[in-house]
Asker: 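Can you read through this structure? Questions will come right after.
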Amino acid sequence: MTLPPLAQAAIAAFIVLNAVILMVAYVTLLERKFAARMQSRIGPYYVGWPHGWLQPIADALKLMLKEDVVPAAADRWVYNLAPIAFLVPCVLIFATIPFAPGLGVADLNIGILFFLAVSALEIVGLFMGGWGSNNKYALISAMRAVNQIISYDLPFIFTALVPVVLAGSMQLSEIVSAQTGLFGWFVFRAWGLGVLALLAYLVATIAAENRVPFDILEAESELVAGFRVEYSGMKFALIQLGEYAHILGTSFLGALLFLGGWLGPGPAWLGPIWFLLKAIFVFLLITWVRWSFVRIRVDQILAISWKLLLPLSIVLLMAAAFAVAWSGGARV
Amino acid sequence: MTVETVGFWLVAAVLLASSLAVVLTKNLFHAVLYLAVALVATGVVFLLLESPFLFGVQLLLYAGGVVTIVVFAIMLTERLVGERITQTSRHVVNGAIVSAAVFVAVVGFLLQAGAPAPVTERPDQLAGLGRALVGPYAVTLELLGVLLVAALLGAIYFARADD
Amino acid sequence: MSLHGYLTLGALVFAIGLFGVVTRRNAVGMLLGIELMLNAVNINLVAFSRFHADLGGIVFSLFTIAITVAEVALGLAIVIVIFRVRKTIEADRLDLLRG
Amino acid sequence: MSLPLAVLALPFVSFVLLAVVPPLRRAGRVAGGVSIAATAVAFVCALATWQGHLEGEQLVPWIPGDAGPMATVGLLVDPITNAMLVLVTLVSLLIQIYSLAYLSDEPSPALGRYYTYQSLFAFSMLGLVLSPTFLQMFIFWELVGLCSYLLIGFWYQRPAAARAAVKAFWITKLGDLGFVTGIVMLWAATGTFEFSTLFRMGAAGQLPAESLGLILFLIYLGAVGKSAQFPLHVWLPDAMEGPTPVSALIHAATMVTAGVFMVTRAQPLFALVPDLVWLIGTVGAFTALLAASMACVEHDIKRVLAYSTVSQLGYMMAAAGAGAADAGFFHLLTHGVFKALLFLAAGSVIHAVGTNDMFRMGRLWHGLPHTGIVFIVGTLALAGVWPLAGFFSKESILAAVWGAGRTGTFAVLALTAFLTAFYMFRAVFLTFFGHAHAGGHPHEAPWPMRGPLWILAILTLVLGLAFLASPPPAVEAHHGPGWLGPFSLGLAAAGLALAWAMYQQRAIAPASFSRVLAPIDFAARRRYGIDALYLGLYKGLILGFSKLIGLIDRYLVDGLVNVFSALSLRSGDRLRRIQSGQVHDYVYGVAFGVLLVVVFAHWWAR
């Protein structure tokens, strides 16, 4: 059975979309469980058996059934469209991620650029929400978000480009196939450059996703819930979904760029499993940071970005380029 | 009716509509959002023109960068909360006439030249771009870097607080 | 789709942008119009590049995009400074250069 | 060539010392000591050069050119140079000593300035004399002119002195203009400035015959200006505004003779153009007579001497015009000695009575016996009385002119000789004898002034006796007919007698004489209107032209400028309104520009 490529892509997109939504739902559960263990708690336990397996479903149902409140002074159109505008890029980033050789929506030859570009669009939905709510907290939150995302987008891009330089391609499947062999993952390669790049990538990711300790835009003690303070019900669910989808997407990308993607021992069909495990490992790293650190001030955030992370990432990128040029095409 | 043609008409419609909205809407913030739509639509036009790299750059720099900066500026210069930001236009008729004249002149000029034969053989765009940027356009690229640094410094100088 | 289709689209967007620049009172609004015009130019460049199989157009539009970012950053910085000094960014109230 | 170089270098060193060490210059008398010492050593060196017959030429390249140097500099020492070196250093030395007393009332800085100028002048004059090329000579020529300007205007606070300085400067420049044009044309024609080369070419007939006349005429113009020949003689009487020693040095003994010296130096060249030689002689004779006639009616003792100088310069030029430049040069030397004597004596008189006007002097013989004696010695020499130095030189000139068969010139010169005796004795009688007019009791000047006077007087006498013993070459060369000596003595005696009759015995009233010669008297008293002519030319031509130019500038040029400025202002005012200050309007402008370009491209493409 052969279908036209467009139809194939549509089917793949449908599958991936649903898989992502499902994954996001259970990633939230994972995070809650993980956090609970870090704090010597049990976490969600009662809904579903065993260990609250149905908790995400229950949450989703609850949110869908809740009343959809729109503030009277809100910029209605912007307010209503914001969750969609926020969610779409977050989900779109999965379009170019291959889960196994040939298994993905579209393995673009500019794959990583597409990922970065689309994830940069997330900010539009964010400040739409902040602005549309016509709420002081929401607006301040949006401004902080703009500030922070401008600051951390550059280091994020530069560190993500280190594997691109090492692999010599922007195509994500190519990057994975450049990491074959024992200790072939980029995190182990290039005389420590890889592991440094991974660390920088993690920091930049956390900041770009506005998570603790860089979560001043939704600092509960000052801004209640940041730009989504006015949202409720289904729209709130969409925003949450987008946020976790974005975290998951960057986790997948991190696993793909630095940890060899689907590469692993065992037969080929184990590839997606390996990939998922590695992505969850990255996700848990991020979560670990979230539950271990306290929030830092806005000026500290900016200082870390411009004075530390950005120079470091540029140096890393240049060092990688020099390493590749020095080796004369050999594996670095 | 190929896919490209359908896509073109769709994107063209979106692009024109959002562009018109940018220049006609009263709400400045909405105008910026429409601009974001127009920019993304332009990116899709690039995709139709088989320039995915440029599509990525367009989204990353324009939609991600420019729009963000503009929003930031609006937030800094307008009253934060409460009143709707409205903006008015002036001399709409004059502007329409001038714009129409420019459009007619440009299009008339372009159309008088014959369409080139469609090219079927196309080189690898990404590698070619890379070589072009460090080859014949290397000096331009360096100059661009200088320009960006200068612009950055200028912006910092202008926007810093008086102290 | 033929080259002329893209060129016409570009010209239309350009004209719309020009209209915006000419009619907007707000300085930021004018900047938005300029953005549209630059975009239209990019469409033309990329279209030429595509139909002549010449990478020069794409390189050119890359430069255009980068320069535009610089221009916007600087332009908005100026707008902010004007706002600080004059408490307005209505372009037709900024007429210190009137002869 | 180290001795001649020392002669040249010593005054220069003195000048540089005085110029760049202000404390030394402000010390006044110390500066005078430095300058006098330098000049004295230079005089000794000059004497040694003369006695050692260190003659020769030395040239070094100066301006490099493609084919050999374009110009050279160096030193040229020959008999006439030697004579000039001795004369210049001697007279300079005596005058500098004399000035020490004469200018003792001056403040120290002014005195220092005076000696600085004196050193510079000595250097310039010696350099002029030693020049082996026209170009070098011109440079020193101009330096000499500068010194003359500075020294005439030494009392620059006096308007008359300042005016006289400027007048001297400009009128000599008029001649120098011809000079420099001439030597540049000469260079263009021959490619060299060197005298020796030029003489060689002249002897070989390699000089361009057709333009040589013009070139030499232009060069001669320089001599006309410098040596105060008609019609550029008007500056010299006015130059008497300077201190008397300056008049003695510059305007009698040395500088004014530069023209004669130059003509003598370039004699082989001038000889190639007989018409020009004739012109030189005629102008010289005419100048001699003209100046003599003016001297007869002058009241100012220094001006009398000045006109007499002009007259004697005319004599020398007349000799050159008779083809006997050596005779002229001989007269130059003797004249330098006794004219310096006369000026210094006059200075002594003026120093004693405090006025220049002879009609306010008289009976000074008793108060100033020394001055009187030396003045009379000088007068006799100037009048050409045997056996004083002047007799021989004047005699040789007359002999040469007679020998050249120029009877008219001879007659003029003979008349001049008679007039010379007349006006000089007129001065003697008016000053030292007759009735006393001056009040008070005039006293003889101090020895620093009297010493040089006596030295010069004795020199005048000794030179004459020496010439009697061994006739110099110039006298040998020009032997007149036997009656010439008694004839010229008779002329002198006649002049003496007339002056004695008119001013001592009052047998003949000068007024009656004036009536007889009324037109000449009238004209001579007004300097033959030459000054007035220049003034008229200046006022009428130059000022008139300037006024015309001024009017054109004020109304035509300024008017045009005003019209344009008014147009600019008005159009600017109109165009200003285009600048609305509205950004939108500028965008409209850009849009219209684009439209224009597109329309143009449409047309152009078709």
Side-chain angles (χ1 to χ4, degrees), chain B residues 4-5 8 12 15-16 19-20 22-23 28 31 35 38-39 42 45-46 49-51 54 57-58 61-62 65-66 69-70 73-74 76-77 87-92 95-96 98-100 102-103 106-107 110-111 115-116 118-119 122 128-129 132-133 137 140 144 147-148 151 154-155 158-159, chain C residues 1-9 11-26 28-29 31-33 35-36 39-40 42-43 46-47 49-53 55-56 58-59 61-63 65-74 76-81 83-84 89 92:
Chain B
E4 194 209 347
T5 317
F8 175 78
L15 178 55
L16 290 177
S19 300
L20 276 174
V22 168
V23 298
L28 189 57
L35 179 71
L39 294 175
T42 312
V45 171
F46 294 161
L49 286 167
E50 300 172 14
S51 306
L54 214 55
V57 172
Q58 169 89 3
L61 282 183
Y62 254 127
V66 171
I69 300 173
V70 174
I74 293 174
L76 280 177
T77 54
Q87 60 166 358
T88 47
S89 299
R90 50 163 237 174
H91 301 165
V92 178
V98 168
S99 306
V102 168
F103 171 72
V106 171
V107 167
L110 290 176
L111 291 185
V119 182
R122 270 186 287 277
L129 259 182
L133 282 180
Y137 297 98
T140 326
L144 189 68
L147 173 82
L148 287 178
F158 276 134
Chain C
M1 203 55 215
S2 72
L3 173 62
H4 284 156
Y6 287 103
L7 295 185
T8 311
L9 177 64
L12 259 177
V13 176
F14 186 85
I16 293 171
L18 177 64
F19 175 79
V21 174
V22 170
T23 56
R24 281 303 197 199
R25 280 208 161 92
N26 188 306
V28 176
L31 268 174
L32 299 187
E35 293 306 309
L36 277 182
N39 249 288
N42 276 350
I43 293 177
V46 176
S49 167
R50 154 79 167 70
F51 284 93
H52 290 278
L55 281 178
I58 290 181
V59 173
S61 42
L62 262 181
F63 289 153
I65 291 173
I67 290 170
T68 307
V69 173
E71 171 247 319
V72 167
L74 207 51
L76 286 173
I78 292 171
V79 167
I80 290 172
V81 171
F83 177 75
R84 271 197 206 137
I89 49 171
D92 50 2

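Please read these numbers as outputs of a predicted model, since none were measured by experiment.
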Asker: To the closest 0.5 Å, what do you measure between CG (B:Leu61) and CD1 (C:Ile65)?
Answerer: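 Here the interatomic distance stands at 6.5 Å.
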
Asker: Using the rule given for side chain to side chain contact (heavy atoms under 4.5 Å, CB included), can you reason through C:Leu9 versus B:Leu16, listing the C-alpha separation, both sets of side-chain angles and the distance that settles it, and then say yes or no?
Answerer: CA-CA 8 Å; C:Leu9 177 64; B:Leu16 290 177; 3.9 Å; yes

Asker: For C:Asn42 and B:Gln58, which I'm curious about, is there any donor-acceptor pair between the side chains at under 3.5 Å?
Answerer: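 No, no side-chain donor-acceptor contact under 3.5 Å.
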
Asker: Can you tell which part of B:Ala96 gets under 4.5 Å to a heavy atom of chain C, answering side chain, backbone, both or neither?
Answerer: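 Both parts, backbone and side chain.
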
Asker: Looking at CG of C:Asn39 and OG1 of B:Thr42, how far apart are the two atoms once the value is rounded to the nearest 0.5 Å?
Answerer: 4.0 Å

Asker: Any side-chain heavy atom of B:Val70 sitting closer than 4.5 Å to one from C:Leu31?
Answerer: no

Asker: In terms of heavy-atom proximity below 4.5 Å to chain B, should C:Phe14 be classed as side chain, backbone, both, or neither?
Answerer: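 Just the side chain, heavy atoms under 4.5 Å.
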
Asker: Kindly compute the distance separating CG (B:Leu133) from CG (C:Leu62), expressed to the nearest 0.5 Å.
Answerer: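 B:Leu133 atom CG to C:Leu62 atom CG measures 6.0 Å (nearest 0.5 Å).
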
Asker: Checking heavy atoms, do the side chain of B:Leu144, its backbone, both or neither come under 4.5 Å from chain C?
Answerer: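 Just its side chain gets close to chain C.
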
Asker: Is there a side-chain contact between B:Thr140 and C:Val59 in this structure, where contact means two heavy atoms from C-beta onward sitting under 4.5 Å apart?
Answerer: no

Asker: Are the side chains of C:Phe51 and B:Leu49 in contact, using a 4.5 Å heavy-atom criterion?
Answerer: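 Yes, close enough: below the 4.5 Å cut-off.
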
Asker: For residues C:Ile67 and B:Leu147, determine if any side-chain heavy atom of one lies less than 4.5 Å from a side-chain heavy atom of the other.
Answerer: yes

Asker: Are any non-hydrogen side-chain atoms of B:Leu54 and C:Ser61 less than 4.5 angstrom apart?
Answerer: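 Yes, at least one pair of side-chain atoms sits under 4.5 Å.
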
Asker: Any chance you could measure B:Phe46, atom CZ, to C:Ile58, atom CD1, to the nearest 0.5 Å?
Answerer: 9.0 Å

Asker: For residues B:Ser51 and C:Val46, report the shortest heavy-atom separation together with the two atoms involved.
Answerer: OG-CG1, 3.5 Å

Asker: Given side chains that start at C-beta, do those of B:Val98 and C:Phe19 come closer than 4.5 Å, heavy atoms only?
Answerer: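 They are not in contact (no side-chain heavy atoms under 4.5 Å apart), so the answer is no.
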
Asker: C:Ala11 and B:Val107: which non-hydrogen atoms are nearest, and at how many Å?
Answerer: CB-CG2, 3.4 Å

Asker: When rounded to the nearest 0.5 angstrom, what distance separates CG in C:Leu12 from OG in B:Ser19?
Answerer: 9.0 Å

Asker: Which answer fits B:Ala12, side chain, backbone, both or neither, if we ask what part of it has an atom under 4.5 Å from a heavy atom of chain C?
Answerer: both

Asker: Please give me the minimum heavy-atom distance between B:Ala151 and C:Leu74, naming the atom from each residue.
Answerer: O-CD1, 3.5 Å

Asker: Just so I know, are the side chains of C:Thr23 and B:Val23 near enough to count as touching, which here means a heavy-atom distance under 4.5 Å?
Answerer: no

Asker: How far apart are the closest heavy atoms of B:Val22 and C:Arg24, and which atoms are they?
Answerer: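 Shortest heavy-atom separation between B:Val22 and C:Arg24 comes out as O-NH2, 2.7 Å.
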
Asker: Closest approach of C:Leu36 and B:Ala38, non-hydrogen atoms and distance?
Answerer: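 In this case the closest contact between C:Leu36 and B:Ala38 is CD2-CB, 4.1 Å.
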
